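Here's the structure we're looking at; comments come further down.
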Amino acid sequence: MDWKTFDDLLSKAGACTVYEDSRAVSGGTMAAMVRVNGVKKLAVAGDAAKFEGEDAGGVKLCDRTVANAAALMETFPYTKPQSHQGHAFTLGLGDRLGVAAPGQLRALAGKDVFPILAQQSIRELTLTGRTFPDVIAAAAFGVFEAGYKGGYGADGDHLKTKEEIKYALDSGCTMITLDCSAHIKDDAAGLTGAELKAAYDALPQDLRAHYESRYGDKDLPLVGRLDAGELMHVALVFSGAVTHAIDCYHYMESIATTPFDFELSIDEARAVTSPAEHLIIAMELKAAGITPVSVAPHFSGEFEKGIEYQGKLSDFVRDLKIHQEIAEKYGYKLSLHSGSDKFSVFSSFSKITGGKMHVKTAGTNWLEAVRVMSKKDPALYRRAQKFALEKYPESSKYYHVSTDPYSIQDIDLLSDAYLPELVDLPASRQLMHISYGVLLAEDWFKGPFYDMLDKNEESYYEGLDHHISRHLRYLL
Ligand code: ZN
C-alpha cells in the first residue's frame with residue numbers, strides 16, 4: 001500500500017486529520033496518528049494483526065491502549081523507552097496527564113538532550129489513578145505522533161521498595177530512581193556530645209569497625225580528614241541508606257532483562273548533603289561494585305515546586321563544585337530534582353557539571369495545561385482554583401511548598417482576562433501545582449479538563465515548547 005491509498009481509506013473511514021510527522025512504515029505495516037470524528041486514534045494498514053481496533057474498510061482504527069502501545073513498540077522500536085547511558089545531558093520531563101510528549105519533544109528538536117518522557121513516582125501514579133504501563137503507553141504514542149526517533153527513557157521515580165522496583169522494571173521502566181529517605185536517620189544529624197556517642201555505640205560493632213577503618217583518622221580524597229563526630233554522624237544517618245541502596249541494586253540486577261539506569265536519590269533527606277557524606281556514600285557504593293548513572297544530593301537552598309530557587313546561590317555553587325568533583329571521581333553525574341523553574345541555578349549547574357547532568361522537571365506539564373484552561377475555559381479554571389483552595393490542607397501534605405495560598409486574591413473579583421496571570425503568580429501557581437491529585441479525582445473536573453485540552457491541543461503543545469525551551473536556554 002502507498003500513502004495515497006492509505007489516505008483514501010482513511011477519508012472514507014471519516015478521518016479528517018493525519019498527524020503528518022507520525023507516518024511510519026515497518027515491514028508490511030503502515031501507520032499514522034489520526035483524528036476520526038474528533039477522536040485521536042492510531043490508524044494501521046497492511047500487516048495489522050498485532051493491533052486491536054475497528055476495521056474501517058482496509059484500515060484499522062485503534063485506541064491508545066496499553067495493548068496497542070505494546071504492538072506499536074514492537075513494530076516501531078523507536079517508540080520504546082531505552083537506557084540513556086552514554087548521553088551527557090538527560091532531562092526528566094514526566095507527563096502526569098499522558099498527553100504532553102509531542103509538545104515536550106518540540107522543545108528538544110535539534111538539541112543534544114536525551115529526554116526521560118515517562119517519569120512518575122508511585123505517589124504521582126496514586127494521585128492520578130494511573131499505572132506504569134499507562135504512563136509508558138502515553139509516552140510511546142506521543143513519540144510516535146511526533147515522529148521522534150532520538151530515543152527516550154522511562155523513570156520509575158522516587159521508588160522506595162523492592163516491590164516498587166519490580167513493578168517499574170516489569171512495566172518497562174529503563175531508569176530507577178531509588179529514594180532512600182526512609183532509611184536516612186535524619187534525627188541523628190542533630191545529636192551532639194554524649195547523646196551522639198551513645199547512639200553511635202548502639203550501632204553494630206562490625207559496622208562501626210568498617211566505617212572507622214575506612215574513613216577514620218585518615219586523609220580522604222577531596223574532603224580531607226573527618227573529625228570523630230563527623231564520622232559518627234555519617235555512619236548514623238546514612239549507613240542504613242547505603243545498605244538499602246546496595247541491596248536494591250543487586251536486586252535490580254537480578255531481575256532486569258534489559259539495561260537500566262540507576263539513580264541514587266538522597267535529596268529527600270531533611271539536611272543538606274555535606275561533601276563528606278556524599279564522598280562516603282560514593283566510596284561505599286564503589287566498594288560494593290556499584291557505579292550509579294546519577295546521584296541526587298540534597299543541595300543547599302530551597303527547591304520548592306514550580307517556583308524559582310530560594311537561598312544563597314554562592315553556597316549552592318560552592319557545594320556543587322565539590323559534589324561534582326566527587327561525582328566525576330566515582331564515574332557518575334549529578335542529578336538536580338525539582339528543577340522546574342529554577343532558572344537562576346541552571347547556568348551554573350550546567351557549567352560546573354560540564355554539561356554531564358540529569359535534571360528533573362515535573363509538574364510543569366500539568367501547569368501548562370492549567371494555563372491553557374485559564375485562557376480557554378475560564379469557568380472551569382475558576383471552579384478548579386476554588387476547589388484547590390478548599391483542599392489545600394490535604395494537597396500540601398505531599399509537597400514542599402511555602403507559599404501562603406490564603407494570600408491569593410478572591411477569584412470572583414478578577415476578570416477572565418486576568419486569570420492566565422494567576423498561573424505565574426507564586427501563590428496561585430504553587431496551589432495549582434500541588435492540586436492535580438485532588439482535581440483529577442473529581443468527575444466534574446477530569447472529563448471536561450481533558451476535553452478542553454484535547455480541543456486545544458495545539459495551544460498546549462505551544463505552551464510546553466515555550467516553557468521547556470526556556471529551561472533549555474540556560475541548561476545548554
Ligand atoms: Zn527527589
Side-chain angles (χ1 to χ4, degrees), residues 84 90-96 115-128 132 135 153-161 164-165 168 173 175-184 186 237-238 241-242 244-245 248-249 261-274 277-278 281-282 285 292-311 316 319-320 323 327 332-342 345-346 349 353 357-366 395-402 430 433-434 436-437 471 475:
H84 63 61
T90 47
L91 178 66
L93 290 159
D95 176 10
R96 289 175 185 166
I116 312 300
L117 294 171
Q119 170 195 280
Q120 299 268 280
S121 64
I122 298 292
R123 175 176 63 192
E124 286 165 338
L125 291 179
T126 310
L127 288 174
T128 53
F132 273 132
V135 170
D155 182 7
D157 195 11
H158 284 93
L159 304 185
K160 295 182 175 161
T161 64
E164 292 175 1
I165 290 169
C173 285
M175 173 174 176
I176 297 294
T177 299
L178 182 70
D179 175 348
C180 289
S181 54
H183 298 267
I184 295 172
D186 282 310
V237 177
F238 286 102
V242 166
H244 181 63
C248 286
Y249 184 84
D261 307 312
F262 171 56
E263 172 161 316
L264 177 72
S265 162
I266 48 174
D267 80 311
E268 308 276 328
R270 214 182 301 146
V272 169
T273 310
S274 74
E277 289 164 345
H278 183 180
I281 291 166
L285 291 178
V293 171
S294 44
V295 170
H298 181 158
F299 292 109
S300 60
E302 296 294 333
F303 288 78
E304 284 189 26
K305 297 291 172 189
I307 57 169
E308 252 295 1
Y309 173 84
Q310 299 167 80
F316 172 79
D319 291 358
L320 176 61
H323 286 309
Y332 51 82
K333 45 188 189 176
L334 292 176
S335 174
L336 184 74
H337 288 194
S338 296
S340 307
D341 304 277
K342 306 300 180 295
V345 307
F346 287 161
F349 194 70
T353 59
M357 58 187 169
H358 186 66
V359 175
K360 290 197 190 203
T361 68
T364 45
N365 45 82
W366 152 253
S395 327
S396 60
K397 270 190 268 175
Y398 303 109
Y399 286 102
H400 184 43
V401 288
S402 66
Q430 282 200 320
H433 193 297
I434 63 170
Y436 66 96
H471 285 67
L475 281 164

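Remember, predicted model here, so these are calculated numbers, not experimental data. Ligands are counted one by one from 1 in listed order, and the atoms in each one are counted from 1 as well.
The shortest side-chain heavy-atom distance between H278 and L334 falls under the 4.5 Å cut-off.
The list of salt bridge (charged side-chain N to carboxylate O under 4.0 Å, His left out) pairs with a residue in residues 294-308, not counting sequence neighbours, is empty.
Side-chain rings of H337 and F303 stay apart, their centers remaining 6.0 Å or farther from each other.
Distances from the Zn ion (ligand 1) to each N, O or S atom of H337 single out ND1 as the nearest. Restricting E268 to its N, O or S atoms, the one at the least distance from the Zn ion (ligand 1) is OE2.
Among the atoms of D267, an N, O or S atom falls under 2.8 Å of the Zn ion (ligand 1).
The side-chain hydrogen bond (donor to acceptor under 3.5 Å, both in side chains) check on D179 picks up S181, with sequence neighbours excluded.
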